[in-house]
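All values below were derived from every heavy atom in this structure, side-chain atoms included, with hydrogens, water molecules and symmetry-related copies excluded. Just so it is clear, the model here is predicted, and its values are computed rather than measured. Residue numbers begin at 1 in each chain, while the letters A, B, ... track the order of the sequences.
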2 protein chains.
Amino acid sequence: MIAVLTSQRKQLILDVLRQTGKVVAKELSQELGLSEDTIRRDLRELASEGRLQRVHGGALPASPAMGDFASRLSVASEEKKRIGKAAAKLIQAGQVVILDGGTTAVQIARHLPRGLKATIVTHSPTIAVELVSHESVEVILIGGRLFKHSVVVVGAPAIESIAKIRADTYFVGVTGIHPQFGLTTGDFEEAHIKKALSASAAETVVLASPEKLNAVSPYVIEPLAEITGMIVVAETSEEMLAPYFDLGITITKASQES
Amino acid sequence: MIAVLTSQRKQLILDVLRQTGKVVAKELSQELGLSEDTIRRDLRELASEGRLQRVHGGALPASPAMGDFASRLSVASEEKKRIGKAAAKLIQAGQVVILDGGTTAVQIARHLPRGLKATIVTHSPTIAVELVSHESVEVILIGGRLFKHSVVVVGAPAIESIAKIRADTYFVGVTGIHPQFGLTTGDFEEAHIKKALSASAAETVVLASPEKLNAVSPYVIEPLAEITGMIVVAETSEEMLAPYFDLGITITKASQES
DNA sequence: CTTGCTATTGCATGAATATGCACAAATTGC
DNA sequence: GCAATTTGTGCATATTCATGCAATAGCAAG
């Protein structure tokens with residue numbers, strides 16, 4: 001019998017809640033090998049402390065900030081999680097890595113291996129807050145004006161700060177990847193920031209969820225020639241990937257296994 | 001009987017705690033061949049020194065950066081909410097305001113009137129994320145290295161960025177306010193950042209929750225002469241406030257009404 | 001060497017806490 | 001509506017906790 005302290009268990013519940021956006025009493029009781037009563041009691045107590053919101057069958061996040069974030073995560077598609085996990089695996093100890101804003105990048109942060117010593121540079125306060133709970137990574141936050149729609153920092157001061165950084169890898173999230181038009185996104189300022197981040201990293205790896213492939217958005221970030229890698233889901237057809245493969249881009253496939 | 005000095009044993013407990021993230025009283029007593037009482041006594045003493053956190057069944061680390069911060073957030077006392085609300089009321093349309101990190105500052109962000117057009121400068125990603133949902137305020141985020149314990153940005157680049165800003169008001173959170181020693185806080189780097197922020201603002205207003213008054217922490221931020229205002233709860237006694245009043249500091253009382 | 005003091009440890013007791021089970025009430029899905 | 005699941009409550013049991021007290025060992029002074 002592995003001793004699991006009560007307060008530790010409560011923290012675990014909150015962690016699961018933060019990471020998945022919800023907890024189900026029955027599932028938890030099975031995973032932890034305890035009776036549902038105990039879990040329910042925990043949930044009740046946590047709820048009375050205002051740390052989560054009790055609902056039938058389990059619980060949901062309480063605070064608006066957490067909730068917003070968690071709900072975005074809960075809608076984070078399975079594809080994004082897999083891509084995030086595959087990206088996290090590419091990061092080596094001691095590297096300096098730039099993480100973009102966006103939901104897929106959050107998944108990378110979530111899946112960074114415990115104990116990995118690395119430096120994460122980001123212009124997303126969401127990512128920064130997310131990484132607070134990761135003991136061993138150093139976080140460098142790019143400053144500037146906050147662009148609320150995407151919750152990332154933009155503007156000239158940000159570009160200036162970025163220019164002073166030389167990173168190993170930049171994981172870029174986009175809204176369109178197209179053989180002819182390259183990487184594109186939906187905001188003018190963000191396009192410039194992404195371009196600057198890419199210029200500051202030795203390698204630029206695109207997080208290519210299926211719906212982004214061969215799509216085009218209004219603002220061009222850079223041509224595919226600047227790209228060194230792509231991460232796609234394993235099911236992506238070979239013919240869809242062929243043009244990128246021909247350009248010498250390293251394609252990583254995110255498989256399904258947990 | 002192998003002689004194990006008490007202090008040696010305590011160090012061992014802390015080592016185990018650091019390595020495994022938890023200690024269980026029963027397991028320890030078996031491994032060390034001592035009664036559970038002795039172990040519990042040790043745990044109690046270590047807890048009273050703040051070197052670990054006592055829980056039922058054993059102990060957990062004192063301040064896992066994230067857990068600590070999260071719990072501090074959730075225990076936002078009624079006093080802090082009132083002070084936050086009172087501070088928010090002081091902000092005029094069009095002003096440029098610097099918000100510190102910390103729980104009280106989060107309360108200010110939460111209570112900013114809907115529709116208020118202002119610019120908020122902050123070195124706290126938490127505050128930045130909090131203000132995303134506030135349509136009309138502009139957010140400027142100071143960049144730099146993230147200090148996880150307090151979840152704020154610190155370091156030379158941050159100081160440099162701050163120097164380029166001229167704000168109207170800086171709301172500063174501290175851990176000690178004392179007539180003789182001035183403003184103090186618990187971290188060396190944070191003290192410097194707070195000093196820089198204060199220098200960049202025309203007015204510096206201290207968020208003085210009751211437990212901070214006449215308390216002193218290790219690192220000095222600046223003397224009271226640099227302070228222009230204080231926000232305290234209405235119940236604070238006049239004699240406690242007299243020394244600050246005599247220095248010409250504007251004292252705002254946060255009343256109870258919602 | 002002995003005496004007295006102190007610190008440490010172990011034990012006993014009552015109190016507090018945690019957990020599981022049973023049963024009635026409430027909620028949900030069909 | 002009705003059946004199935006989920007919840008809350010009361011209760012029993014097992015740990016775990018805190019306190020007071022006694023035994024032991026170390027130490028210093030006489």
Checking E239(A) now: which residues fulfil salt bridge (Lys or Arg N to Asp or Glu O under 4.0 Å) with it, not counting sequence neighbours? none
E27(B) has an atom CD; how far is it from atom P of dT15(D), in whole Å? 15 Å
The side chain of L34(B) is closest to which nucleotide in this list: dT9(C), dT7(D), dC17(D)? dT9(C)
Here the gap from I231(B) atom CD1 to L207(B) atom CG, rounded to the nearest 0.5 Å, amounts to 5.5 Å
L28(A) CG to dT19(C) P, in whole Å, measures 14 Å
Out of dA18(C), dC17(D), dG20(C), whichever nucleotide has its closest atom nearest the side chain of S35(A): dG20(C)
Ion pair K253(A)/E238(A), N-O distance below 4.0 Å: yes
What is the bend of the helix from dC1(C)-dG30(D) to dC30(C)-dG1(D) when you compare the axis at one end with the axis at the other, using five pairs each and rounding to 10°? 40°
Between E36(B) (CD) and dT8(C) (C1'), how many Å, whole number? 18 Å
What does V24(A) touch in the nucleic acid at a heavy-atom separation under 4.0 angstrom: a base, only the sugar-phosphate, or nothing? nothing
Using atom CZ of R44(B) as one end and atom C1' of dT8(C) as the other, report the distance to the nearest whole Å. 14 Å
Pairs: protein N or O with nucleotides 23-30 of chain C N or O, under 3.5 Å:
none

Checking side chain to side chain contact (heavy atoms under 4.5 Å, CB included) for the pair D37(A)/R41(A): CA distance, chi angles, key distance, verdict? CA-CA 6 Å; D37(A) 299 69; R41(A) 243 184 294 255; 3.9 Å; yes
Using atom CZ of R40(B) as one end and atom P of dT15(D) as the other, report the distance to the nearest whole Å. 13 Å
Of all heavy-atom pairs linking A109(B) and E130(B), the shortest is CB-CG, 4.0 Å
Pairs: protein N or O with nucleotides 21-24 of chain D N or O, under 3.5 Å:
none

Report the residue (G57(A) or G58(B)) whose heavy-atom-nearest nucleotide on DNA chain D is the more 5′ of the two. G57(A)
H123(B) versus D100(B): any side-chain heavy-atom pair under 4.5 Å? yes
Show me, pair by pair, the donor-acceptor contacts under 3.5 angstrom made by side chains of residues 24-31 of chain A, not counting sequence neighbours?
residue: S29(A); atom: OG; partner: K26(A); partner atom: O; Å: 2.7

D42(A) to K10(A) - nearest heavy-atom pair and separation: OD1-CE, 3.6 Å
Does dG10(C) have its OP1 or OP2 closer than 4.0 Å to a side-chain nitrogen or oxygen of T38(B)? yes
Could you check S150(B) against E190(B) for side-chain hydrogen bond (donor to acceptor under 3.5 Å, both in side chains), going step by step and ending with a plain yes or no? CA-CA 9 Å; S150(B) 308; E190(B) 266 194 282; 2.8 Å; yes
How close or far is atom P of dA7(C) from atom CZ of R9(B), stated in whole angstroms? 15 Å
Check: N214(A) and M240(A) side chains under 4.5 Å, non-hydrogen atoms: yes
Whole angstrom value for the distance that separates C1' of dT6(D) from CD1 of I39(A): 14 Å
Under the salt bridge (Lys or Arg N to Asp or Glu O under 4.0 Å) test, residues paired with E135(B) that sit two or more places apart: none
Phosphate-side-chain proximity, T6(A) and dT17(C), N/O vs OP1/OP2 below 4.0 Å: no
For I13(A) and dA18(C), what is the distance between atoms CD1 and C1' respectively, to the nearest whole Å? 14 Å
What closest approach, in Å, do A215(B) and T184(B) show between heavy atoms, and which atom pair accounts for it? O-OG1, 4.2 Å
